[in-house]
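Let me begin by handing over the structure; questions about it come next.
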Amino acid sequence: MNDDPQLPRAARIFVSFVALLRANGFSVAPEQTTSFLAAIELLGPRSLEHIRLAGLATLAPPPQRRATYDRLFDIHFRGAEAIEQAEGEDEETVRLQEEGRGEDEPPLADEANESGLAAARAEALVERRFAQTATSDPLRKLSREAARRLPRRRGHRRRRARSGPFADLRRTLRDSVRNDGEVLRLGRMRRRQRPRKILFLIDVSGSMKARTEENMKLAHVLVQAAGNVEVFTFGTRLTRVTPALRLKRREQALNAVSFLVSDWDGGTRIGDALQAFLAVPRFGGYARGAAVVIVSDGLERGDPAALRDAVAKLSRRAWRVSWLTPLATSPGFTPQTEALIAIQRFVDDLVDGGSSAAVVAHLLSLGTRRAA
């Protein structure tokens with residue numbers, strides 16, 4: 001017979017929230033858990049806001065991780081409602097303007113581009129669930145080598161170096177004092193290296209459905225490995241999913257993404273999506289000086305001219321633009337679709353994106369490349 005005391009049913013949801021915080025890297029001592037439960041009992045909370053404030057007071061999340069704490073709290077206590085946009089916040093989802101006259105009949109959710117091989121224009125709002133699978137070797141490689149091999153840029157601050165284009169006068173004068181005023185060696189400085197911003201744009205339309213799940217898992221690994229990554233999905237809507245992907249546990253992050261994105265496996269309107277991205281100043285700023293990686297097959301149903309103009313603008317803002325398509329199955333790939341032909345001269349790379357290994361290999365190779 002088990003004589004261990006059982007946790008009261010009413011307290012289990014609060015204790016499991018503490019376990020969720022620990023799983024996402026928060027340091028919570030057992031004494032803090034006890035204080036959290038005592039604070040809730042003392043307050044007799046009348047709303048979830050009271051519980052959230054009790055957690056802030058007793059569990060003491062660090063200020064720089066306050067946003068992550070709030071996101072985990074919302075997911076744990078509110079579930080699907082947590083993903084809805086709070087009043088007064090900037091809009092994270094841009095609905096693309098439909099220019100058709102209604103000839104395309106929207107398909108049912110379970111019939112939306114069943115084959116995943118043809119591009120469609122009509123919007124289909126579909127909820128998607130991601131399977132819990134083990135991390136593949138390419139994703140482990142990305143997580144392990146991202147800090148060392150992702151692209152970097154020269155910062156404005158300088159550091160000491162054995163050789164460099166700048167003279168370190170302060171160190172030179174300090175050394176001369178030790179040598180009776182003689183300058184024996186001129187100190188040198190060079191600019192610090194900073195991680196370069198990465199903008200990851202993922203096509204989640206029906207023609208890319210076979211690759212959507214792996215691409216989202218790859219995006220989560222990339223966001224976790226590098227702190228200056230922005231991720232957007234596009235199909236018939238443009239959705240920023242970076243906040244959801246910042247959750248440490250992959251299952252929770254992808255679950256949050258599944259609620260954020262509503263145009264899974266729907267139509268393909270790449271040009272309109274990129275035009276909408278550039279039309280939002282805050283979004284467009286993410287591309288400035290960044291390594292832009294677009295994962296899409298390029299099966300566009302919209303106007304190729306809109307796609308060409310958007311990619312041209314993007315190339316002028318970005319450090320480098322890479323287009324990864326599953327259609328590029330060989331090194332000597334020549335685009336055949338009208339959309340890929342239109343944007344070919346504006347991208348620096350038009351390479352294979354049909355597997356996680358190919359996408360990871362390209363991301364890690366960007367650190368050795370320069371803008372064309």
Side-chain angles (χ1 to χ4, degrees), residues 25 133-165 189-203 211-233 241-242 244-250 253-254 257 285-296 314-315 317-326 328-331 333 346-372:
T133 56
T135 303
S136 62
D137 290 339
L139 298 189
R140 281 194 289 268
K141 180 179 180 181
L142 177 62
S143 178
R144 185 175 60 250
E145 301 183 12
R148 178 170 56 89
R149 296 182 58 185
L150 286 179
R152 304 178 72 84
R153 64 173 180 83
R154 288 188 303 171
H156 295 290
R157 294 193 176 186
R158 303 172 184 177
R159 63 176 179 85
R160 294 180 180 180
R162 292 182 178 272
S163 61
M189 300 182 73
R190 64 172 60 249
R191 288 184 176 180
R192 295 178 182 270
Q193 292 290 314
R194 298 291 186 189
R196 186 175 291 278
K197 293 186 295 184
I198 297 177
L199 176 61
F200 204 46
L201 302 171
I202 304 175
D203 186 345
R211 287 291 311 154
T212 296
E213 183 168 345
E214 285 300 313
N215 287 337
M216 295 311 305
K217 292 176 181 178
L218 191 150
H220 177 254
V221 173
L222 185 61
V223 170
Q224 295 298 314
N228 55 345
V229 178
E230 286 291 337
V231 183
F232 288 77
T233 65
V241 295
T242 311
L245 293 176
R246 288 191 181 126
L247 296 177
K248 186 175 182 180
R249 297 189 63 179
R250 185 175 68 189
L254 296 184
V257 170
Y286 295 145
R288 197 169 302 281
V292 179
V293 179
I294 304 172
V295 182
S296 172
L314 202 57
S315 67
R317 296 189 185 188
W319 168 72
R320 190 178 188 92
V321 178
S322 301
W323 193 292
L324 279 59
T325 171
T329 56
S330 62
F333 168 72
F346 297 110
V347 299
D348 301 286
D349 307 295
L350 185 58
V351 294
D352 181 23
S355 66
S356 295
V359 178
V360 168
H362 181 76
L363 287 171
L364 296 179
S365 70
L366 289 175
T368 62
R369 305 190 185 192
R370 297 181 178 180

Checklist line | Shortest non-hydrogen contact from Gly354 toward Arg211 | finding: O-CD, 3.4 Å
Next item on the list: Using side chain to side chain donor-acceptor pair (under 3.5 Å) as the criterion, list what pairs up with Arg149, not counting sequence neighbours.
Entry: Glu145
Notebook entry, point to check: Roughly how far apart are Phe232 CZ and Leu201 CG, rounded to 0.5 Å?
Noted result: 7.5 Å
Notebook entry, point to check: Mind checking whether Leu366 and Val293 have side chains closer than 4.5 Å, heavy atoms only?
Noted result: yes
Check: From Arg288 CZ over to Leu199 CG, what is the distance, rounded to the nearest 0.5 angstrom?
Finding: 12.5 Å
Checklist line | From CG (Leu150) to CG (Leu222), nearest 0.5 Å | finding: 6.5 Å
Margin query: Working to the nearest 0.5 angstrom, can you tell me the gap between Ser315 OG and Asp348 CG?
Written below: 8.0 Å
Check: How close do Glu214 and Ser356 get, heavy atom to heavy atom, and via which atoms?
Finding: OE1-OG, 3.3 Å
Notebook entry, point to check: How far apart are the C-alpha atoms of Met216 and Thr233, what are their side-chain angles, what is the distance that settles it, and do they pass the side chain to side chain contact (heavy atoms under 4.5 Å, CB included) test?
Noted result: CA-CA 9 Å; Met216 295 311 305; Thr233 65; 4.1 Å; yes
Notebook entry, point to check: Is there side-chain contact between Arg196 and Trp319, with at least one heavy-atom pair below 4.5 Å?
Noted result: yes
Notebook entry, point to check: Val321 versus Phe346: any side-chain heavy-atom pair under 4.5 Å?
Noted result: no
Note to self: Donor-acceptor check, side chain of His220 to backbone of Leu247, threshold 3.5 angstrom: yes or no?
What the structure shows: yes
Note to self: I'd like to know if the side chain of Thr368 reaches the main chain of Ser365, judged simply by a donor and an acceptor atom lying under 3.5 Å from each other, with no hydrogens or angles considered.
What the structure shows: yes
Next item on the list: Calculate, to the nearest 0.5 Å, the distance between atoms CZ and OG1 belonging to Arg246 and Thr242 respectively.
Entry: 6.0 Å
Notebook entry, point to check: Does any non-hydrogen side-chain atom of Phe200 lie less than 4.5 Å from one of Val295?
Noted result: yes
Notebook entry, point to check: Would a 4.5 Å heavy-atom cut-off, applied to side chains only, mark Leu218 and Leu139 as touching?
Noted result: yes
Next item on the list: Count the heavy atoms belonging to other residues, nucleotides or ligands that lie under 6.0 Å from CZ of Arg249, then report whether that count exceeds 12.
Entry: no
Margin query: Can you list everything that forms a side chain to side chain donor-acceptor pair (under 3.5 Å) with Asp352? Sequence neighbours excluded, please.
Written below: none
Check: Side-chain contact, heavy-atom cut-off 4.5 Å: Lys217 with Glu213?
Finding: yes
Notebook entry, point to check: Of all heavy-atom pairs between Leu245 and Ala219, which one has the smallest distance, and what is that distance?
Noted result: CD1-CB, 3.9 Å
Note to self: Can you tell me how far apart CZ (Arg320) and CG (Asp349) are? Round to the nearest 0.5 Å.
What the structure shows: 4.0 Å
Next item on the list: Quickly, which of Leu363, Ile294, Asn215, Val359 forms a side chain to side chain contact (heavy atoms under 4.5 Å, CB included) with Leu324? Name it, please.
Entry: Val359
Margin query: How close do Gly285 and Lys197 get, counting heavy atoms only, and between which atoms?
Written below: O-NZ, 3.2 Å
Notebook entry, point to check: What heavy-atom pair brings Ala244 and Ala253 nearest, and what distance separates the two atoms?
Noted result: O-CB, 3.4 Å
Check: Among all residues two or more places apart in sequence or in another chain, which pass the side chain to side chain contact (heavy atoms under 4.5 Å, CB included) test with Ala357?
Finding: Pro138, Ser355
